[in-house]
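Accompanying notes for the structure given below.
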Amino acid sequence: MIKKSRVRYQRRPGTTGGKLPWNDWRNASTWRKFVQFTLLAINIYIGVTFYYWVRYYETGGATIHLPRPGGIEGWLPIAGLMNLKYTLETGSFPPIHAASMFLLVSFIVISLLFKKAFCSWMCPIGTISEYTGKLGKKVFRYQNQISLPKWLDIPLRGLKYLLLGFFLYIAFSMSAQMIQYFMMSPYGIIIDVKMLDFFRYISLFALITVVILVIASLFIRNAWCRYLCPYGALLGIFSLFSPFKIRRNVESCIDCGKCAKNCPSRIPVDKLITVRTVECTGCMTCVESCPVASTLDFSLQVPTKKRQFRLSGWMMAILTLAVLFIIIGIAMYFGVWDSPVPDNYWFHIIPNARMIGH
């Protein structure tokens with residue numbers, strides 16, 4: 001009993017209640033912020049570069065020319081799904097927008113290994129949503145964001161799976177031949193430009209929808225991610241197969257409930273031994289909230305050795321980024337990262353982009 005008591009109340013090193021200092025290199029939240037803002041900065045760079053690339057062709061070469069960033073295709077998830085179906089059916093890489101498929105595959109691999117770490121560590125929309133909530137908390141000075149009652153929360157969470165089902169139906173109901181025909185059509189070739197135009201010439205309905213989502217995110221934690229993101233729904237399904245999970249040591253747990261209180265996904269971590277839900281994003285917030293050392297961890301159970309391999313924040317940062325850039329490197333190695341469209345065709349099609357598909 002004495003030995004158990006010692007373990008039970010052993011504080012984490014450098015803490016006064018379980019939370020490591022924000023600038024401590026061991027702190028998972030520090031590493032997560034590093035990855036979040038690095039990916040956010042990369043995406044901003046990609047967006048600005050892509051805008052100037054489009055303007056160059058819109059103006060007939062009168063403005064600055066910047067190379068087209070292949071990373072823009074990370075914003076084309078439906079194209080990624082369609083091209084994945086094409087590759088699975090034909091055994092060959094898609095002729096255009098292959099980067100969308102490789103980026104989708106990298107996010108799926110990350111989910112298969114490290115839960116929905118893409119959502120909490122890498123996704124720029126997830127980062128914006130998270131910090132919008134923190135801004136709302138600071139501006140409106142409320143202690144906790146709104147938690148919807150279960151009778152409303154559960155059906156709303158189902159919306160993202162309905163959206164996912166719709167997009168999967170679109171992608172997988174088409175044959176490889178139909179996908180190739182669509183991708184090689186004028187509309188398919190410039191779907192990235194059409195996406196940019198959606199924001200440049202946003203409709204009143206779309207603008208109102210975005211404003212509502214931003215306002216909702218001020219008061220409801222990760223509102224878009226929790227209720228509407230089909231990408232997160234897809235990755236959540238793959239995350240069920242992840243060998244790494246949040247695990248709780250019942251013997252040393254003091255039932256303080258801090259892990260559940262601080263969980264962004266509102267998972268009752270304090271009531272579980274192993275967290276298996278699709279809602280877990282592997283953010284490790286619960287691990288850092290725990291005031292008792294070695295009680296919560298994000299780990300891989302090794303049955304043969306009867307021990308666990310624990311992931312720290314810096315390991316998560318390195319491993320998730322490694323998966324992403326290795327798969328991008330594979331696409332570059334095979335020469336399919338950039339779509340093979342000649343310059344003269346861009347000069348012809350991009351100025352007419354708004355008329356295509358109408």
Side-chain angles (χ1 to χ4, degrees), residues 18-19 29 32 111 115-121 123 125-168 205-240 242 245-248 250 253-291 296 298:
K19 215 169 185 180
S29 65
R32 192 164 73 88
S111 300
K115 302 293 290 183
K116 288 200 299 182
F118 169 77
C119 298
S120 61
W121 288 71
C123 177
I125 301 299
T127 299
I128 292 170
S129 179
E130 179 179 335
Y131 284 90
T132 299
K134 290 182 178 180
L135 176 65
K137 193 172 182 179
K138 186 173 183 179
V139 170
F140 297 104
R141 300 187 179 184
Y142 50 76
Q143 187 173 2
N144 295 306
Q145 288 183 292
I146 297 171
S147 295
L148 299 182
K150 283 187 177 181
W151 62 265
L152 183 58
D153 178 65
I154 293 174
L156 286 178
R157 274 191 279 160
L159 290 176
K160 62 179 179 280
Y161 294 100
L162 290 176
L163 289 170
L164 172 63
F166 173 71
F167 293 132
L168 287 175
F205 174 78
L207 181 61
I208 292 172
T209 302
V210 170
V211 170
I212 290 172
L213 286 171
V214 170
I215 293 173
S217 297
L218 288 169
F219 300 98
I220 302 174
R221 201 170 191 177
N222 298 335
W224 163 259
C225 308
R226 186 171 182 83
Y227 299 119
L228 292 170
C229 181
Y231 222 144
L234 176 67
L235 299 182
I237 293 170
F238 282 104
S239 76
L240 289 173
S242 170
K245 293 178 175 63
I246 297 294
R247 304 177 195 276
R248 182 174 67 95
V250 179
C253 178
I254 60 174
D255 299 317
C256 64
K258 290 182 179 180
C259 52
K261 181 181 177 181
N262 290 292
C263 175
S265 301
R266 293 164 50 189
I267 301 168
V269 183
D270 58 334
K271 308 298 181 186
L272 304 170
I273 296 175
T274 302
V275 177
R276 303 182 186 276
T277 174
V278 293
E279 299 296 332
C280 178
T281 63
C283 65
M284 300 173 71
T285 302
C286 61
V287 176
E288 292 199 335
S289 300
C290 180
L296 272 181
F298 189 48

(request) Measure the spacing between CG of Leu135 and CZ of Phe140 and express it to the nearest 0.5 Å. (result) 8.0 Å

(message) Quick one, Val275 and Lys245 - any side-chain contact, counting heavy atoms below 4.5 Å?
(response) no

(request) For Phe166, look at atom CZ and say whether over 12 heavy atoms of other residues, nucleotides or ligands are found less than 6.0 Å away. (result) no

(message) Could you report the tightest heavy-atom contact between Lys160 and Arg226, atom names first, then the distance?
(response) NZ-O, 2.6 Å

(request) For the pair Ile237 and Leu164, evaluate side chain to side chain contact (heavy atoms under 4.5 Å, CB included) and give the outcome as yes or no after the intermediate values. (result) CA-CA 11 Å; Ile237 293 170; Leu164 172 63; 3.9 Å; yes

(message) Contact between Ile267 and Cys280 at the side-chain level, heavy atoms closer than 4.5 Å - yes or no?
(response) yes

(request) Nearest 0.5 Å please: distance from the NZ atom of Lys116 over to the CG atom of Leu234. (result) 10.0 Å

(message) Looking at every heavy atom in both Gly133 and Tyr142, which two are closest together, and how far apart are they?
(response) O-OH, 3.7 Å

(message) Strictly distance-based, threshold 3.5 Å: is any side-chain N or O of Ser129 a donor or acceptor partner for the main-chain N or O of Ile125?
(response) no

(message) Less than 4.5 Å apart, side chain to side chain, heavy atoms only: is that true for Leu235 and Ser239?
(response) no

(message) Can you tell me how far apart CZ (Phe298) and OG (Ser242) are? Round to the nearest 0.5 Å.
(response) 5.5 Å

(message) Could you walk me through whether Tyr161 and Val278 satisfy the side chain to side chain contact (heavy atoms under 4.5 Å, CB included) test, starting with their C-alpha distance in whole Å, then the side-chain angles of each, then the deciding distance to 0.1 Å, before giving a yes or no?
(response) CA-CA 12 Å; Tyr161 294 100; Val278 293; 3.2 Å; yes

(request) Please tell me if the side chains of Pro264 and Cys283 come closer than 4.5 Å, counting only heavy atoms from C-beta onward. (result) yes

(request) Please test Arg32 against Glu130 for salt bridge (Lys or Arg N to Asp or Glu O under 4.0 Å), starting from the C-alpha separation and ending with a verdict. (result) CA-CA 12 Å; Arg32 192 164 73 88; Glu130 179 179 335; 3.0 Å; yes

(message) Could you check whether any side-chain heavy atom of Val287 comes within less than 4.5 Å of a side-chain heavy atom of Ile246, counting everything from C-beta outward?
(response) yes

(request) Write down the atom of Ile220, the atom of Leu148, and the distance for their closest heavy-atom approach. (result) CD1-CD2, 4.3 Å

(request) Step through the shown structure and confirm whether more than 12 heavy atoms of other residues, nucleotides or ligands are within 6.0 Å of CD1 on Ile273. (result) no

(request) Grab the two heavy atoms, one from Trp121 and one from Gly282, that are nearest each other, plus how far apart they are. (result) NE1-O, 3.0 Å

(message) Give me the atom names and distance for the closest heavy-atom approach of Cys225 to Gly126.
(response) SG-CA, 4.0 Å

(request) Check the surroundings of atom OH in Tyr231: do more than 12 heavy atoms from other residues, nucleotides or ligands lie under 6.0 Å from it? (result) yes

(request) To the nearest 0.5 angstrom, please state how far the SG atom of Cys253 sits from the NZ atom of Lys271. (result) 9.0 Å

(request) Answer yes or no: is there an ion pair linking Arg221 with Glu279, defined by an N-O contact shorter than 4.0 Å? (result) no

(message) Are the side chains of Asp153 and Tyr227 in contact, using a 4.5 Å heavy-atom criterion?
(response) yes

(message) Contact between Cys256 and Pro291 at the side-chain level, heavy atoms closer than 4.5 Å - yes or no?
(response) yes

(message) Please report the interatomic distance CZ(Arg248) to OG1(Thr274), rounded to the nearest 0.5 Å.
(response) 9.5 Å

(message) Atom NZ of residue position Lys261 - does it have more than 12 heavy atoms of other residues, nucleotides or ligands inside 6.0 Å?
(response) no

(request) With rounding to the nearest 0.5 Å, note down the distance linking CD1 in Ile212 to CG in Leu207. (result) 10.0 Å

(request) Search all heavy atoms of Ala260 against all heavy atoms of Asp270 and return the closest pair with its distance. (result) CB-OD1, 3.3 Å

(message) Do Asn222 and Thr281 have side chains that approach each other closer than 4.5 Å (heavy atoms only, starting at C-beta)?
(response) no

